[in-house]
Amino acid sequence: QGTDVRTLKIDAEGQMAYLDLMGKRYQNVDLDGRLENQKFQGFLSVRDTQLNANYNGSFDFSVQPFKLNFTSDIRHINLDYLGITKDLNAQLRAELEGDFQFSNLDDFLGEIRMRDVHFSSKNDTLDLAYAHIISSKSEDVQKIDLDIPGYLKGQIQGRYRLSQLPDALMNSVGTTTLMTYEPRAVDPGQSFNFFFEVEQDLFTMFDPRIQVAPGTILDGVVDSNSNSLVAEMSSSEIGFDGFNIYHPLINIDTSKETEQIYIRSDSLLAKSVMLYNVDIHTTPIQDSLLVKTNFELGKEFPMDFDLNLFHTTDEENNLVFGFSPSTIQIDETQWLLNPGNDRNSNRVLVNLKQNFFELQDLLFESDEQKLLLDGYFASNTDYRLHANLDELDLSKIIPKGLLGELQIDGIADGEINVVRTQDEFKPLMEVEIARLALNKYGLGDLTVNGVYNVDQNIFDLEMFLEQEQ
């Protein structure tokens with residue numbers, strides 16, 4: 001009687017041109033069993049471009065959540081079409097056993113076993129011999145156990161809505177550590193603990209920028225009422241988009257007033273720059289996040305950084321990253337960053353929507369030496385950089401690790417300006433270096449003047465060396 005599942009009654013072996021099921025339409029359907037009042041018992045085969053699979057068992061979709069008990073040979077399924085994934089071009093092939101109830105993620109209860117799994121997406125492919133997931137509930141306490149031998153083991157237990165887990169987790173971190181974060185709406189009363197152990201990286205399947213090394217362990221507790229997270233992560237390496245941290249120990253407790261996040265690492269790779277012996281502490285204060293970090297740059301002659309930063313937003317919703325008084329040790333010389341603790345300078349302003357960055361009067365001092373930097377970047381044809389050099393001792397600001405066996409001495413004064421507009425490019429340089437010497441050999445006083453020749457599209461550099469007679 002018809003092809004609408006709500007009224008269809010069949011007790012025979014037959015074929016249907018299409019089947020409407022859970023809001024989706026599937027073509028070329030064969031069945032051998034009984035379908036009545038939205039309950040099916042028997043064998044069903046679908047040969048559709050989005051789903052090519054057979055189903056042997058029972059399927060009760062007369063009420064929600066639907067109840068399923070079956071075995072299935074999935075030859076092809078488009079996970080994007082089903083809404084399980086989004087914009088991944090994700091495809092799955094597997095042998096499946098299931099005994100569960102389900103209408104959405106939040107009411108999934110039961111067990112699924114998968115064998116000979118082949119998963120592919122626009123990022124990568126993955127083959128698994130076996131995967132097992134169990135969702136159970138006792139009174140108000142729900143538990144999910146995940147076991148993918150050789151790849152990932154995990155458990156989530158407590159009071160939660162499965163579809164809201166990512167938002168509840170982000171709320172617990174973002175509310176106090178991300179100044180522009182707007183909490184997502186989640187149901188109250190959710191509290192759960194979790195444990196995951198990574199045996200082999202699966203995350204690159206969904207985002208190739210992510211790296212999680214085997215042996216990574218994540219253990220924690222989330223409370224959505226207080227938006228708090230207490231967690232610990234240990235790993236040999238984790239990374240995202242060119243930023244990799246090696247052998248980190250990460251402790252998070254957003255219920256504390258101080259030191260909510262503590263990170264310790266042997267080394268950290270920021271794009272192509274390697275930092276060593278990294279310590280990071282964060283503390284939220286009103287509308288700001290205070291960050292204290294120590295690290296070394298370089299191996300043989302390391303530069304020691306002891307930085308105190310704050311992160312907030314201004315009235316125009318720009319991200320503000322500022323330096324409180326900090327120190328940088330270059331060989332035997334200590335440099336002070338923002339020694340006067342001026343909150344209106346020594347800052348970096350970032351507007352991500354407009355791709356705009358501004359450097360506001362970054363001041364370095366050491367005794368009588370001063371280096372002042374400011375500028376902005378709006379685009380490849382709109383930027384400016386200004387540097388003011390005052391009594392800079394080259395031997396105290398150029399790290400030994402950059403020079404090898406070469407030694408440079410001299411006192412530098414002057415200015416460097418680089419201005420780029422849509423119509424012109426004007427790098428200007430006026431620098432004087434008194435008592436310039438290489439490897440203790442005195443060369444004299446050097447004057448450097450540089451201008452950009454627009455007509456010839458070259459940088460004219462004039463140097464005058466004056467030696468004492």
Side-chain angles (χ1 to χ4, degrees), residues 21-24 60-68 79-88 90 98-112 132-148 152-197 202-203 206-207 210 217-233 250-257 260-261 282 284 286-287 289 313:
L21 182 62
M22 298 173 65
K24 305 293 182 181
D60 183 352
F61 47 97
S62 60
V63 295
Q64 292 194 12
F66 310 120
K67 296 180 180 180
L68 300 89
L79 299 179
D80 283 7
Y81 182 75
L82 265 65
I84 298 174
T85 57
K86 183 178 181 180
D87 299 329
L88 280 177
D99 184 4
F100 57 88
Q101 62 180 41
F102 168 83
S103 64
N104 57 58
L105 284 175
D106 294 325
D107 58 22
F108 169 70
L109 289 174
E111 180 176 6
I112 298 176
H132 187 199
I133 183 170
I134 300 176
S135 177
S136 59
K137 192 171 185 179
S138 176
E139 296 182 349
D140 292 333
V141 178
Q142 190 167 343
K143 182 172 72 169
I144 287 184
D145 290 284
L146 175 66
D147 183 16
I148 307 176
L152 181 68
K153 293 182 179 179
Q155 183 183 92
I156 303 172
Q157 181 171 345
R159 295 174 174 84
Y160 58 84
R161 292 179 66 86
L162 188 57
S163 65
Q164 296 180 4
L165 279 177
D167 288 341
L169 181 59
M170 278 302 303
N171 287 351
S172 67
V173 179
T175 302
T176 58
T177 61
L178 302 175
M179 295 300 102
T180 59
Y181 180 77
E182 297 183 4
R184 315 285 175 80
V186 299
D187 292 350
Q190 299 188 63
S191 177
F192 55 90
N193 56 63
F194 57 87
F195 175 87
F196 290 97
E197 181 177 2
L202 283 173
F203 302 96
F206 303 97
D207 192 331
I210 301 174
I217 293 177
L218 177 62
D219 189 7
V221 179
V222 171
D223 187 333
S224 68
N225 288 335
S226 59
N227 278 336
S228 63
L229 167 67
V230 180
E232 179 176 305
M233 173 184 280
I250 302 174
N251 290 303
I252 302 174
D253 187 348
T254 60
S255 67
K256 295 166 54 178
E257 293 186 358
Q260 291 191 350
I261 299 178
T282 72
Q286 296 178 350
D287 61 348
L289 180 69
T313 57

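Predicted, not measured: the structure shown is a model, and the values here were computed from it. Side chains included, hydrogens not; waters and symmetry mates left out as well; all remaining heavy atoms used.
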Side-chain contact, heavy-atom cut-off 4.5 Å: His132 with Ile112? no
With the side chain counted from C-beta on, respond yes when Ile144 and Ile134 share a heavy-atom pair under 4.5 Å apart, and no when they do not. no
Full working for side chain to side chain donor-acceptor pair (under 3.5 Å) between Gln142 and Gln157: CA-CA 6 Å; Gln142 190 167 343; Gln157 181 171 345; over 6 Å; no
Between Glu197 and Leu152, is any pair of side-chain heavy atoms under 4.5 Å apart? no
Of all heavy-atom pairs linking Gly189 and Arg159, the shortest is O-CB, 3.9 Å
Minimum side-chain heavy-atom gap Phe100-Ile133 below 4.5 Å: no
Flag side-chain contact, heavy atom, 4.5 Å: Ile261 against Thr177: yes
Hey, does the Lys NZ or Arg CZ of Lys153 hover above the aromatic six-ring of Phe196, less than 6.0 Å from the centre and inside 45° of the axis? no
Please tell me whether Asn171 and Tyr181 have a donor and an acceptor in their side chains that are separated by less than 3.5 angstrom. yes
To check you understand the geometry: which heavy-atom pair defines the closest contact between Leu169 and Ser172, and what is its length? O-OG, 2.5 Å
Can you measure from OG (Ser135) to CG (Leu162) and round to the nearest 0.5 angstrom? 7.0 Å
Between Arg184 and Asp167, does any side-chain N to carboxylate O distance fall below 4.0 Å? yes
Hey, which of Asn104, Asp106, Val186, Asp107 is the one that makes side chain to side chain contact (heavy atoms under 4.5 Å, CB included) with Ser163? Asp106
Test item: Phe194 and Leu218 side chains (from C-beta on) under 4.5 Å apart, heavy atoms: yes
Side-chain contact, heavy-atom cut-off 4.5 Å: Thr175 with Thr254? no
Please check if the side chain of Lys137 supplies one atom and the backbone of Leu109 the other of a donor-acceptor pair under 3.5 Å. no
Report the distance from atom CD1 of Ile252 to atom CD of Glu232, rounding to the nearest 0.5 Å. 10.0 Å
Tested for side-chain hydrogen bond (donor to acceptor under 3.5 Å, both in side chains) against Gln260, the lone hit among Asn251, Asp253, Thr282, Thr176 is Thr176
Considering only residues two or more places apart or on different chains, which pairs with a residue in residues 218-231 satisfy side chain to side chain donor-acceptor pair (under 3.5 Å)? Ser226-Ser228
Hey, what do you get for CZ (Phe192) to CD (Gln155), rounding to the nearest 0.5 Å? 13.0 Å
Rounded to the nearest 0.5 angstrom, the CZ-OG distance for Phe108 and Ser136 is 10.0 Å
Would you say Pro65 and Phe102 make side-chain contact, with heavy atoms under 4.5 Å? no
Under the side chain to side chain contact (heavy atoms under 4.5 Å, CB included) criterion, do Val221 and Leu229 qualify, and how do the steps go? CA-CA 6 Å; Val221 179; Leu229 167 67; over 6 Å; no
